[in-house]
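No hydrogens, no waters, no symmetry mates; every other heavy atom, side chains included, goes into these values. Residue numbering restarts at 1 for every chain, and letters A, B, ... go by the order of the sequence lines.
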Number of protein chains: 2
Amino acid sequence: MAASKKEEFKTEDIWLADIAKALSHPARIRILKILTEMNVCMCGDIVELLPLSQSTVSQHLKELKRVDLIQGDIDGPKVCYCVNNKTLLKAKKELDKLFNQVCAC
Amino acid sequence: MAASKKEEFKTEDIWLADIAKALSHPARIRILKILTEMNVCMCGDIVELLPLSQSTVSQHLKELKRVDLIQGDIDGPKVCYCVNNKTLLKAKKELDKLFNQVCAC
DNA sequence: TTCTCTCATCGTATATTTACGATGAACGAT
DNA sequence: ATCGTTCATCGTAAATATACGATGAGAGAA
């Protein structure tokens, strides 16, 4: 592209688009579900459940962390990942708001 | 990248990720809102409201059409765009389902 | 210390996205 | 038939995303 023009939009729309971007790969949708289903949630556990290499999974986790949808707590050599309920709640609320504005339902 | 591995995931997760991808740019969030707010909804009207060129807006409209979030009805030389309530409703429902699975709320 | 386990990051290749101007197709009006 | 309006698509450039193997950092165990 040329320079991105994303920053020229409203903060609210930029934030929602950013959350949507984090959810825009099936691996990341799956990771969120896995983190909820499992109590122990190491990166290695996720790698075993996905058809992706460790480094690729790590990149997807980074993208989810970037928008604060998940967090990783260091526990010795391991990292325990879990979903961030506060951000999920905000995302749910803002998406609801969008759909209520946009959808006749 | 190497070849994409998106197709190796569950249909449900792929669909939701695809909807999220369509929502992953603030211009497309804005377009959905504009289409709802306005009754007449030509491409040119949208171009005037966004800091983007006509060809770029047309590309964003194409991405929203790709996942059936909007539709364009040809009216002479014009194209009248409007949101597709059926898909919006499905997206709302599936996103709600995701957040109810994933979020303790 | 040395070995192992866990994970992030680096380097790299390729695909996709974003953006624009230019062009062309389709239609109504003159 | 020609002109103007509307919009999609083509061509192009540059940024970003996706994927992997290799490497390295950090912590606990031997």
Rounded to whole Å, the CG-P distance (B:Leu50 to C:dC20) equals 11 Å
Rounded to whole Å, how long is the line connecting atom CD of B:Glu63 with atom P of C:dT17?
6 Å
Between CE of A:Met42 and P of D:dG28 the distance, given in whole Å, is 14 Å
Check this one for me: any side-chain N or O of A:Thr56 less than 4.0 Å away from OP1 or OP2 of D:dA19?
no
B:His60 vs C:dT17: side-chain N/O to OP1/OP2 distance below 4.0 Å
no
Those residues at least two apart in sequence (or on a different chain) that pass side-chain hydrogen bond (donor to acceptor under 3.5 Å, both in side chains) with A:Ser58 are none
Side-chain donor-acceptor distances from residues 73-80 of chain B under 3.5 Å, at least two apart:
none

Describe, in one word, how the ring planes of A:His60 and A:His25 are oriented to each other, choosing from parallel (under 30°), tilted (30 to 60°) and perpendicular (over 60°).
tilted
Considering only heavy atoms and no angle criterion, is a donor-acceptor pair shorter than 3.5 Å present between the side chain of A:Gln59 and the base of D:dA17?
no
Counting only N and O atoms by type, is there a donor-acceptor contact under 3.5 Å from the side chain of A:Asp45 to the main-chain atoms of A:Met42?
yes
side-chain hydrogen bond (donor to acceptor under 3.5 Å, both in side chains) partners for A:Thr87, two or more places apart:
A:Asp68
Name every residue in residues 6-30 of chain A that has at least one heavy atom under 4.0 Å from any atom of DNA chain D, in order of residue number, or write none if there are no such residues.
A:Lys21, A:His25, A:Arg28
Nearest whole Å is fine: how far is C:dT6 P from A:Asp73 CG?
18 Å
Rounded to the nearest Å, what distance is computed from the CG atom of residue B:Leu61 to the C1' atom of nucleotide C:dA19?
15 Å
Spacing between A:Lys5 atom NZ and C:dA19 atom P, to the nearest angstrom
8 Å
For B:Lys90, the side chain to side chain contact (heavy atoms under 4.5 Å, CB included) test, sequence neighbours excluded, returns B:Trp15, B:Glu94
Can you list everything that forms a side-chain hydrogen bond (donor to acceptor under 3.5 Å, both in side chains) with B:Ser55? Sequence neighbours excluded, please.
B:Ser53
Establish, with yes or no, whether the OP1 or OP2 oxygen of D:dC7 is under 4.0 angstrom from a side-chain nitrogen or oxygen of B:Ser58.
no
Going by the rule side chain to side chain contact (heavy atoms under 4.5 Å, CB included), which residues pair with B:Asp13 if we only count those two or more places apart in sequence or in a different chain?
A:Pro26, A:Ile29, A:Arg30, A:Lys33, B:Lys10
Could you tell me how far apart B:Lys62 (NZ) and C:dC20 (C1') are, to the nearest whole angstrom?
16 Å
Which residues share a side-chain hydrogen bond (donor to acceptor under 3.5 Å, both in side chains) with B:Ser24, sequence neighbours left out:
none
For atom CG of B:Leu64 and atom C1' of C:dT17, their distance in whole Å
14 Å
Show each protein N/O and nucleotides 23-30 of chain C N/O combination with a separation under 3.5 Å, one pair to a line.
none

